[in-house]
Amino acid sequence: MNELALTNLTLSHFRSHLTTRIEVDARPVAIFGSNGAGKTNILEAVSMFSPGRGMRRMAAKDMARRPEAIGWKLTGLLSSQGRVHEVETYSEGEAARLVKIDGKPAAQTALGRLARMVWLIPSMDRLWIEGAEGRRRFLDRTTLSFFPEHSDLSLEYEKAMRERNRLLKAEVRDAHWYAALEAQMAKSGSAIYSNRLKALDRLQEAQEAAETGFPSAELVLMQSEGEMPETEDDFAEALAESRFRDMAAGRTLVGPHRTDMHGVYAAKGVPAKDCSTGEQKALLISLILANARALKEELGAPPIVLLDEVAAHLDADRRAALYDEICALGAQAWMTGTGPELFAELGGRSQLLRVDEADGNSHVTALV
Ligand SMILES: Nc1ncnc2c1ncn2[C@@H]1O[C@H](COP(=O)(O)OP(=O)(O)OP(=O)(O)O)[C@@H](O)[C@H]1O
Ligand SMILES: [Mg+2]
């Protein structure tokens, strides 16, 4: 089978883990332990095998084990597209993190091509009720899972926009200063927007195609004002036209950085923000599972799935439904919970790890 899995994981000086070895195979991994034991730290470590700052979105230096703070290192074997790659990612001192694949320095985008990953973490429980930024980030992570180049596009766009905003603040009026930056923003910005739309289409299709115990979410993109220009040329023109208004505001008011994602509980027609806490969580799980199914359909293998404390909010039936879907998907899902009873419905279909903390140091024990 064309599977994707992280095995032979080692964590060195990574948060509460001084030296931890985790021997697992491609089956789901259930991790339990007391509060503060170091469970989420393991999921965060796994998330560093995908591009970006990981699931807690921290600077590399914050992940270094304290008090030593000498940096950290993670290693693992990634089975992807029928090959096994040695992956190493580390940060020395306060430096940004680096990646090596099969012993050679690699860009983070390369990591994204090897390891598609999706995750759900407790702070996302407030996704539907808080600001647009969190929803945009969720949307972009989903998009990135389909299009590994999406992170580079976002960097290009942000960089050009920062420079344009600097000109706006300095009240530069001369058009020729803006032309190249706006052309760059139009190019990457339209690609960002069209990738997002394609990603939403795939989620929608995957939700419609599936028999699932979780409710479907309808997702629509909206601009905080006006419309997103449809083509690259329209966007470049809109930026040029908006210069004086943007100058008054001191920032760029048009573009994909002003997009919000509106969600609706499809069966009820109720906006996600008005749904109950449990319903909001179920919608997110539904989207994560749809994302995973769509990736499996496209690439032949499901992504690695990280579910931090997902079991805690679900009743036993929903929990069983979630585990059944994960097993049907065949994904290496890394899940955490405070006690082993939360994983009872998984039975022998997963690998069980216990994490204990002693003297500020996490220890992992594999249970059979
Ligand atoms: N940079 C660091 N150096 C050393 N320890 C750290 C660092 N960052 C976090 N920790 C410690 O790691 C411990 C475990 O954190 P983690 O979030 O993994 O716990 P958890 O097992 O998920 O707990 P919970 O059930 O409460 O979610 C915490 O006690 C925290 O103080
Ligand atoms: Mg935790």
Side-chain angles (χ1 to χ4, degrees), residues 6 9-22 24 28-50 52-76 89-98 117-127 134 138 141 277 281 284-285 288 304-314 319 322-323 326 332-344 346 350-367:
L6 178 63
L9 173 65
T10 72
L11 292 73
S12 161
H13 291 263
F14 186 85
R15 293 204 186 263
S16 55
H17 295 265
L18 180 61
T19 46
T20 295
R21 267 199 85 84
I22 299 181
V24 288
V29 184
I31 306 171
F32 75 94
S34 319
N35 294 140
K39 306 179 294 294
T40 302
N41 292 344
I42 297 175
L43 262 58
E44 185 183 35
V46 177
S47 74
M48 300 314 290
F49 287 79
S50 77
R53 290 193 292 166
M55 69 179 206
R56 279 192 176 120
R57 302 189 350 98
M58 290 292 201
K61 67 174 171 46
D62 295 321
M63 297 175 212
R65 190 170 190 279
R66 286 186 301 266
E68 310 91 281
I70 53 169
W72 51 267
K73 181 171 175 175
L74 304 168
T75 67
T89 180
Y90 55 95
S91 162
E92 283 165 352
E94 305 233 312
R97 77 150 161 151
L98 297 172
M117 227 180 262
V118 298
W119 59 67
L120 197 54
I121 59 175
S123 65
M124 284 155 68
D125 289 355
R126 302 181 59 76
L127 190 87
F138 179 81
R141 274 224 68 88
T277 318
K281 184 82 177 190
L284 282 176
I285 293 176
I288 293 291
I304 292 174
V305 180
L306 306 179
L307 301 171
D308 195 18
E309 273 179 59
V310 76
H313 293 271
L314 301 177
R319 232 161 37 217
L322 172 64
Y323 298 155
I326 283 170
Q332 189 188 42
W334 296 68
M335 297 172 277
T336 67
T338 47
E341 70 284 355
L342 292 168
F343 301 110
L346 266 166
S350 73
Q351 316 165 74
L352 196 58
L353 304 179
R354 190 185 70 217
V355 187
D356 303 287
E357 182 266 343
D359 305 324
N361 206 346
S362 296
H363 299 277
V364 177
T365 315
L367 307 176

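Remember, it's 1-based here, ligands and their atoms both numbered in the order they're listed. Note that the coordinates shown come from a computational prediction; the quantities given were computed from them, not determined experimentally.
Counting only heavy atoms of the protein, atom 26 (O) of ligand 1 lies nearest to Asn35 ND2, 3.2 Å. Protein heavy atom in closest approach to atom 11 (C) of ligand 1: Ser16 CB, 4.0 Å. At the top of the distance list for atom 1 (N) of ligand 1, counting protein heavy atoms only, stands Ala64 O, 2.8 Å. In this structure, atom 8 (N) of ligand 1 lies nearest to the protein heavy atom Arg15 NH1, 3.3 Å. Looking from atom 22 (O) of ligand 1 to the surrounding protein, the closest heavy atom is Thr40 OG1, 2.6 Å. Looking only at heavy atoms of the protein, atom 28 (C) of ligand 1 is closest to Gly36 O, 4.0 Å. When hydrogens are left out, the protein atom nearest atom 15 (O) of ligand 1 is Asn41 ND2, 3.3 Å; that is the closest non-hydrogen contact. Looking only at heavy atoms of the protein, atom 3 (N) of ligand 1 is closest to Arg66 N, 2.9 Å.
Taking every heavy atom of Arg65 and a limit of under 4.0 angstrom, the matching atoms of ligand 1 come to 3 (N). Close contacts between ligand 1 and Gly38 involve ligand atoms 14 (C), 16 (P), 18 (O), 19 (O), 20 (P), 21 (O) [criterion: under 4.0 Å to a heavy atom]. Applying the 4.0 Å criterion to heavy atoms of Ser34 picks out, from ligand 1, the atoms 21 (O).
Put simply, Asn41 stays out of reach of the Mg ion (ligand 2), with no N, O or S atom under 2.8 Å from it.
When side chains are defined from C-beta on, Trp72 does not count as touching Arg15, because their heavy atoms never get closer than 4.5 Å.
Remark: the backbone N or O of Leu6 is paired with a side-chain donor or acceptor of Gln332 at under 3.5 angstrom. Arg319 places no side-chain N or O within donor-acceptor distance of the main-chain N or O of Val310, the cut-off being under 3.5 Å. Put simply, the side chain of Arg56 never gets that close to the backbone of Thr40: no donor and acceptor are under 3.5 Å apart.
More than 12 heavy atoms of other residues, nucleotides or ligands sit less than 6.0 Å from atom CD of Glu341. Within 6.0 Å of atom CD in Glu92, 12 or fewer heavy atoms from other residues, nucleotides or ligands are found, so the atom counts as exposed in its surroundings.
With a 4.0 Å heavy-atom cut-off, ligand 1 is reached by the side chain of Arg56 but not by its N, CA, C or O. Contact annotation: for Asp62 versus ligand 1, heavy atoms closer than 4.0 Å belong to the backbone alone.
By the 3.5 Å distance cut-off applied to N or O atoms, Gly33 is not counted among the residues near ligand 1.
For atom 31 (O) of ligand 1, the nearest protein heavy atom lies 4.0 Å or farther away.
Comparing heavy-atom distances from atom 21 (O) of ligand 1 across Glu68, His17, Lys39, Glu44 singles out Lys39 as nearest.
A side chain to side chain donor-acceptor pair (under 3.5 Å) with Thr10 is found for exactly one of Thr19, Thr75, Thr20, namely Thr75.
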Which is it for Gln351 and Leu353 under the side chain to side chain contact (heavy atoms under 4.5 Å, CB included) test, yes or no, and what are the steps along the way?
CA-CA 7 Å; Gln351 316 165 74; Leu353 304 179; 5.5 Å; no
Before giving the answer on side chain to side chain contact (heavy atoms under 4.5 Å, CB included), spell out for Ser350 and Tyr323 the whole-Å C-alpha distance, their side-chain angles and the decisive distance to 0.1 Å.
CA-CA 10 Å; Ser350 73; Tyr323 298 155; over 6 Å; no
Full working for side chain to side chain contact (heavy atoms under 4.5 Å, CB included) between Met335 and Leu342:
CA-CA 10 Å; Met335 297 172 277; Leu342 292 168; over 6 Å; no
Tell me, with the steps shown, if Leu43 and Ile121 meet side chain to side chain contact (heavy atoms under 4.5 Å, CB included).
CA-CA 10 Å; Leu43 262 58; Ile121 59 175; over 6 Å; no
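Distances shorter than 4.0 angstrom occur between a heavy atom of Glu309 and an atom of ligand 1.
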